[in-house]
Amino acid sequence: MENLLRKGVTEAIRSLYNVSVNDDLLQIQKTRKEFTGDLTLVAFPLTRISHKSPELTAKDIGEFLTQHVEAVSGFNVIKGFLNVIISSGEWAKQLKIISEQKEYGSVSTGPDASVIVIEYSSPNTNKPLHLGHIRNNLLGYSLSRICSTAGNKIIRTNIVNDRGIHICKSMVAWQLYANGATPASTGMKGDHFVGDYYVLFEKNYREQSEALVDAGSTPEEARDNAPLMLAARQMLLKWEAGDEETVKLWNMMNSWVYEGFDVTYKALGVEFDKIYYESDTYKTGKELVLRSLAEGQLIRKDDGSVWIDLSDDKLDQKLLLRSDGTAVYITQDLGTAVIRYNDYHFDRHIYVVGNEQNYHFQVLALTLLRMGYKWAAGLLHFSYGMVELPEGRMKSREGKVVDADDLIDEMTATARTMSQELGKLGGYSDTEKENICRKIGLGALKYFILKVDPKKNMTFNPAESIDFNGNTGPFIQYTYARIRSVLKKAGETGISFGGENYDDLIPNPKEINVIKLLNDFPSLVKEAASELSPALIANYLYDLAREFNQFYHDFSILGEENKKVRDFRLRLSALMGTVLEKGLWLLGIEAPERM
RNA sequence: GGUUCCGUAGCUCAGUUGGAUAGAGCAACAGCCUUCUAAGCUGUGGGUCGCGCGUUCGAGUCGCGCCGGAAUCACCA
């Protein structure tokens with residue numbers, strides 16, 4: 001509809017002023033509610049062409065449109081704004097057109113589509129997932145669906161940080177304190193089991209450091225010389241040297257963690273096409289660094305450590321290999337990036353990683369470019385904000401976190417309580433009820449997280465549970481369930497729809513509002529993909545559902561006696577259902593048939 | 001201190017490439033179920049868009065400077 005108007009205005013200007021107008025001078029937007037009209041042309045930029053006042057320019061164009069464009073039934077001019085009125089019947093035709101499109105809102109993936117690798121999740125194998133990881137996983141997964149729906153070829157990937165000093169900490173603590181206990185022997189989920197030893201390590205390490213300080217050490221010396229830290233360092237050296245017993249322990253503990261992660265990923269509903277392990281990629285990283293050192297792009301210091309000097313790019317020198325030859329975090333990321341490029345020849349590589357690592361990703365891309373990898377220009381750090389608690393940020397070292405598994409369980413439990421209180425889901429089996437409550441609880445959680453602008457920090461208050469009313473996931477799910485219910489009833493009573501033509505049908509204002517919003521869906525998906533913002537989808541769905549609920553409240557669908565109108569409303573409802581379901585899908589949220 | 005990000009109603013958040021009188025939800029209060037699901041709908045109150053200057057016909061949006069908060073600048077990841 002907007003394009004139609006754009007064309008009309010271009011023609012108007014050519015005819016009136018004998019100029020072909022540059023498209024970005026045509027500012028067309030939706031008419032604000034307080035004014036009459038559907039679409040508004042801002043006339044100020046056009047005064048340069050018309051050499052008339054904005055009001056007169058708007059009036060000229062308005063008159064031309066009314067005469068020459070069939071869909072335009074009238075106009076008004078307020079200040080420099082030309083409010084164009086689209087004849088109501090056009091919207092009915094528009095509904096028919098879009099509801100007959102296959103895969104409305106999707107762009108099919110052609111042979112020359114961009115290849116985008118999206119990395120998200122990226123857990124450490126020393127502790128279970130918490131709320132921060134949930135935000136990461138939900139953003140990454142939703143982005144993958146949005147970008148793929150916008151026509152890109154997507155590879156969802158994960159890098160498992162399965163090696164390094166932090167893993168050794170859990171291993172050391174287990175050796176010292178576990179007496180051979182396992183997840184099986186304690187009945188614990190594997191990731192939680194291992195995480196407890198990590199927390200135990202940190203606790204005892206802190207005590208040891210404090211004792212050393214009391215005995216006269218400086219805090220730095222104490223941190224370096226505490227027996228637990230020495231043991232962890234020793235463990236890391238043995239691991240990198242391939243010590244059999246160490247590797248065996250490492251394998252065993254990681255396998256416990258993976259079993260736990262699988263459960264959490266499944267509960268969250270996220271998936272990956274390809275998983276990389278740091279323990280596989282860090283060696284490539286070391287080779288890259290050594291080769292680049294030989295080629296003279298890097299510096300080796302007297303103690304043997306290897307650095308890159310990025311001071312020309314206003315950054316510091318950055319360590320790439322320790323003096324003892326072991327790899328640091330960025331070493332493996334260099335290796336991983338090169339391996340991935342060889343695997344997929346991506347056009348873009350999106351890293352979904354928190355904003356605390358902004359510096360890291362600046363260094364990563366620059367280092368790869370210095371090493372001669374031109375494609376590193378396609379690396380993009382999707383930097384999202386932290387999830388904070390009312391008392392500040394979460395601290396996994398101290399065990400002060402909102403655990404992912406706990407939170408998912410709590411959300412489902414809340415959904416269950418509400419469902420009971422509201423007397424819903426009568427006639428369903430316990431399994432069916434549980435399934436629906438899980439969808440709703442997760443819907444509330446996912447929407448809560450995805451509706452906020454990714455780059456902003458967000459606060460989560462565990463004391464106030466996430467809402468199920470208002471601007472929430474369940475609100476949108478509920479709207480969907482209502483529609484399903486109507487359509488089901490239509491089927492049961494033998495009412496079919498979609499057979500009428502709406503050429504002479506004049507929709508009411510509520511219906512027109514709904515159609516206008518539905519009409520925006522494809523451009524919204526594109527925008528969400530280019531802006532990389534699930535929040536745009538979330539907020540759009542809310543507006544959409546709210547608008548539909550008003551219509552639903554004010555008018556009867558199945559009770560409508562005029563067959564043509566009833567057909568039209570069913571069609572409107574069906575399209576609404578499709579768009580809501582697809583929109584929720586883009587966010588990784590399931591749409592229940594009933595709730 | 002350097003760099004990056006954020007600051008909109010009591011709280012949580014929207015606010016299109018700069019456009020008209022800045023919007024939702026929650027919380028509070030008042031209404032609406034004999035009718036397709038009330039997890040819904042309607043209404044009331046609530047604002048120095050952190051502060052200032054500039055660019056512009058027009059600034060919550062762009063630029064500069066302050067103020068406040070966060071992250072980072074590790075031989076941690």
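Proteins get letters first, then strands, A, B, ... in listed order; numbering begins at 1 in each. Treat the numbers as computed from the prediction; the structure is a model and nothing was measured.
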Can you tell me which nucleotide in [options] comes closest to the side chain of [X]?
X: A/Asn355; options: B/A71, B/A20, B/G7; answer: B/A71
X: A/Val452; options: B/A39, B/U21, B/C13; answer: B/C13
X: A/Leu536; options: B/A77, B/G15, B/A20; answer: B/G15
X: A/Asp316; options: B/A20, B/C73, B/A39; answer: B/C73

Is [X] touching bases, backbone alone, or none of the nucleic acid, heavy atoms closer than 4.0 Å?
X: A/Phe475; value: sugar-phosphate
X: A/Asp313; value: nothing
X: A/Asp453; value: sugar-phosphate

Using a cut-off of strictly less than 4.0 Å, decide whether A/Arg393 has a side-chain nitrogen or oxygen near OP1 or OP2 of B/U72.
yes
Look at A/Arg32 and B/G19 and indicate whether a side-chain polar atom (N or O) is within less than 4.0 Å of OP1 or OP2.
no
Centres of the A/Phe551 and A/Phe548 rings: under 6.0 Å?
yes
Output a table of nitrogen or oxygen pairs between the protein and nucleotides 35-38 of chain B separated by less than 3.5 Å.
unit_1, atom_1, unit_2, atom_2, d
B/C36, O2, A/Ile557, N, 3.3
B/C36, O2, A/Leu558, N, 3.0
B/C36, N3, A/Ile557, N, 2.9
B/C36, N4, A/Tyr552, O, 2.6
B/C36, N4, A/Phe555, O, 2.2
B/U37, OP1, A/Ser485, OG, 2.6
B/U37, OP2, A/Ser485, OG, 3.4
B/U37, O2', A/Tyr478, OH, 2.2
B/U37, O2', A/Arg482, NE, 2.9
B/U37, O2, A/Lys424, NZ, 2.5
B/U37, O2, A/Met595, O, 3.4
B/U37, N3, A/Met595, O, 2.7
B/U37, O4, A/Met595, N, 2.9
B/A38, OP2, A/Arg482, NH2, 2.6

Check the distance between B/C11's C1' and A/Phe448's CZ and give it to me in whole angstrom.
11 Å
Calculate the interatomic distance between A/Ile78 atom CD1 and B/U21 atom C1'; express it in whole Å.
12 Å
Stems involving RNA chain B: give each as a range paired with a range, ordered by first number, where a stem means at least three consecutive Watson-Crick or G-U wobble pairs under 3.5 Å.
B:1-7 with B:67-73, B:10-13 with B:23-26, B:28-32 with B:40-44, B:50-54 with B:62-66
B/A20 base stacked by A/Phe35 (centroids within less than 5.5 Å, tilt under 30°)
yes
